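See below for the structure under consideration.
Counting begins at 1 with the first residue of the sequence. Since the model is a prediction, treat every value here as computed from it, not as a measurement.
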Amino acid sequence: MPSRLSRFTDRLVTLAKRAVSGDPLPAVKKGDGGYADWVIVVLHGLREYLDLPYRRLLDILHEMNGIVEKLNLEPSELPDFTTVCVRKQQLKMTVWRTLLRLSADLHNTGNVQAIDATGFDRHSASRHYANRTNYTFKSVKTTALVDCETSTVLDIHCSMKQPHDTHVGRQVLMRNLNRLETVTADKGYDWDDLREELREAGVRPVIKHREFYPLDMAHNARHDDDIYHRRSVVEAVFFALKQRYGDTLRSRTWFGQFRELVLKTSVRNVELAL
């Protein structure tokens, strides 16, 4: 029976080839062609899955002929670790988001979804580097939309600032309406306009009201507690992500950290599908 790593690599190769635009290119072209985008995506996925630094990952892959063959490469053809690092920044965010969407499609999701936010710490940097790059925020605010039945991450939103949960929630939910049936969230997403938009789209909002008036308390009392409390699945997913793949982002640039977060959730979805 194939190993878990082998099955993970097979799934990731299939998704990476579908995530890149157009037909997947040969793994490597001599000269100016370089390595295909899907190869770079798979290598980054393996790095997250194995939790290894880039240099050590490439060293180990040189001794793993079976895994390298799945990339249509020979061990001697593997890229240098610096190439893998640079190409991650060059790939457009669309590729990584498509990978996340495809990894979520591996699961048969349920009829209740939940949304919540957390923070991922940024890698510590020298004071000189922080001043030169305006490296002021210590964490990346990360909002995740999760299926409560399978714990699949359907979408995430990353920000270096601290936008209000209602506006981020609206952005995430509106672009995923085709995946939603019932959405549950805490009081941070209390916004009547958001509830109305969801209802018009045929989605049932189970979002707590902030209790300023007796009417707000009455609205909360009418909620189905069993459905509302399923939002705790998001907190469990955040804990699992940080426990399995680390709670500190290693990329130096903010856009690299966004890609890193999307990749972590994609790898987790693929790993769950195994």
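Environment of CD in E63: sparse, with no more than 12 heavy atoms of neighbouring residues, nucleotides or ligands closer than 6.0 Å. Enclosure of atom CZ in R4 by more than 12 non-hydrogen atoms of other residues, nucleotides or ligands within 6.0 angstrom is indicated. R175 CZ: more than 12 foreign heavy atoms inside a 6.0 Å radius.
In this structure, CZ in R55 is found 3.5 Å from CZ in F81, a value given to the nearest 0.5 Å. For the atom pair CG of L73 and CD of E69, the computed distance is 10.5 Å after rounding to the nearest 0.5 Å. Separation of atoms CG (L249) and CZ (F120) is listed at 7.0 Å; rounding is to 0.5 Å. Considering SG of C158 and CZ of F255, their distance stands at 14.0 Å, rounded to 0.5 Å. To the nearest 0.5 Å, atom CD of residue E48 and atom CG of residue L241 are 10.0 Å apart. One distance of note links CZ of R259 with CD of Q89; it measures 6.5 Å at 0.5 Å rounding.
With hydrogens and angles disregarded, a donor-acceptor distance shorter than 3.5 Å links the side chain of T98 to the backbone of T94. When atom types are taken as modelled, the side chain of S103 and the backbone of L100 share a donor-acceptor pair closer than 3.5 angstrom. Between the E200 side chain and the E197 main chain, no donor and acceptor come within less than 3.5 Å of each other. In this structure a side-chain-to-backbone donor-acceptor pair under 3.5 Å is missing from H157 to V168. With hydrogens and angles ignored, the 3.5 Å screen pairs a side-chain donor or acceptor of Q113 with a backbone N or O of E181.
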* What's the verdict on salt bridge (charged side-chain N to carboxylate O under 4.0 Å, His left out) for D37 and K92, showing C-alpha distance, side-chain angles and the deciding distance? -> CA-CA 10 Å; D37 290 345; K92 293 183 178 180; over 6 Å; no
* To do: Kindly determine whether T166 and L194 satisfy side chain to side chain contact (heavy atoms under 4.5 Å, CB included), including the steps that lead there.
  => CA-CA 8 Å; T166 52; L194 176 58; 5.5 Å; no
* Would K208 and D186 count as a side chain to side chain contact (heavy atoms under 4.5 Å, CB included) if you check the C-alpha gap in whole Å, the side-chain angles of each, and the deciding distance to 0.1 Å? -> CA-CA 5 Å; K208 282 282 188 179; D186 61 21; 5.6 Å; no
* Would you please test V140 and L261 for side chain to side chain contact (heavy atoms under 4.5 Å, CB included) and show each step? => CA-CA 9 Å; V140 177; L261 279 167; 3.8 Å; yes
* **Criterion side chain to side chain donor-acceptor pair (under 3.5 Å) on K242 and T118, from CA distance to verdict** => CA-CA 11 Å; K242 294 179 179 181; T118 189; 3.0 Å; yes
* Show your reasoning for whether side chain to side chain contact (heavy atoms under 4.5 Å, CB included) applies to L154 and T109. => CA-CA 9 Å; L154 304 176; T109 55; 4.1 Å; yes
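In this structure, H167 has its ring center under 6.0 Å from that of W191.
Here the shortest heavy-atom pairing between G188 and H164 reads O-CE1, 3.6 Å. Listed here is the closest heavy atom pair of R179 and A104: NH1-CB, 3.7 Å. Scanning all heavy atoms of the two residues, the minimum distance from S6 to I67 falls at CA-CD1, 4.0 Å. Taking all atoms of both residues into account, the shortest heavy-atom contact from N176 to V172 is ND2-O, 2.7 Å. Considering every non-hydrogen atom in both A19 and V95, the closest pair reads CB-O, 3.8 Å. Taking all atoms of both residues into account, the shortest heavy-atom contact from A27 to L71 is CB-O, 3.1 Å.
Hydrophobic clustering places V13 together with I60 (ILVMFWY residues linked when any side-chain heavy atoms are closer than 4.5 Å, directly or through intermediates). Criterion: ILVMFWY side-chain heavy atoms under 4.5 Å apart, direct or through other members. Under it, I115 and V206 are not part of a common hydrophobic cluster. By the criterion of side-chain heavy atoms lying less than 4.5 angstrom apart, applied directly or through intervening Ile, Leu, Val, Met, Phe, Trp or Tyr residues, V233 is not grouped with Y228; the two fall into different hydrophobic clusters. Using a 4.5 Å cut-off between side-chain heavy atoms of Ile, Leu, Val, Met, Phe, Trp and Tyr, with links allowed through other members, M93 and I40 fall into the same hydrophobic cluster. One hydrophobic cluster, built from ILVMFWY side chains closer than 4.5 Å, cannot hold both V267 and F239; they sit in different ones.
L46 places a side-chain heavy atom less than 4.5 Å from the side chain of L5. Side-chain atoms of D116 and R231, non-hydrogen and from C-beta on, do get closer than 4.5 Å to each other. Between K141 and D165 there is a side-chain heavy-atom pair separated by less than 4.5 Å. Under the 4.5 Å side-chain criterion, counting only non-hydrogen atoms from C-beta, R204 is not in contact with V183. Counting only heavy atoms from C-beta outward, the side chains of N108 and T150 never approach each other to under 4.5 Å. At a threshold of 4.5 Å between non-hydrogen side-chain atoms, the residues D51 and Y245 do not count as touching. The shortest side-chain heavy-atom distance between L43 and K88 does not fall under the 4.5 Å cut-off. Looking at heavy atoms from C-beta onward, D121 lies in side-chain contact with T248 at the 4.5 angstrom threshold.
No hydrogens or angles considered: a donor-acceptor pair under 3.5 Å links the side chains of E260 and S251. N269 and S266 share no donor-acceptor pair across their side chains, judged by distance under 3.5 Å alone.
By the 4.0 Å N-to-carboxylate-O rule, R170 lies too far from D193 to be salt-bridged with it. One finds a salt bridge joining R195 and D192 here, because a Lys/Arg side-chain nitrogen approaches an Asp/Glu carboxylate oxygen to under 4.0 Å. Salt-bridge check for R244 with E271: passed, with a basic side-chain N closer than 4.0 Å to an acidic carboxylate O. A salt bridge links R97 with D155: the closest approach of a Lys/Arg side-chain nitrogen to an acidic carboxylate oxygen falls below 4.0 angstrom. No salt bridge links R18 with D105; every basic N to acidic carboxylate O contact stays at or beyond 4.0 Å. Under a 4.0 Å N-O distance rule, the pair K70/D10 qualifies as a salt bridge. Salt-bridge formation is detected for the pair R230/E149: a Lys NZ or Arg NE/NH1/NH2 atom is positioned less than 4.0 Å from an Asp or Glu carboxylate oxygen.
Among D226, L180, T184, D147, the one residue that satisfies the side chain to side chain contact (heavy atoms under 4.5 Å, CB included) test with V112 is T184. With V234 as reference, V146 is the one residue of L145, T143, V146 to meet the side chain to side chain contact (heavy atoms under 4.5 Å, CB included) rule. Under the side chain to side chain contact (heavy atoms under 4.5 Å, CB included) rule, L78 has a single partner from L57, D59, V68, which is V68. Results of the side chain to side chain contact (heavy atoms under 4.5 Å, CB included) test with T265 over V153, T142, T152 single out V153 as the only residue that passes.
Seen from the ring of Y54, R47 counts as a face-on cation partner, given the 6.0 Å and 45° thresholds.
Using the six-membered ring where Trp is involved, Y49 and F8 have ring planes that are parallel, under 30° apart on the 30 and 60° scheme.
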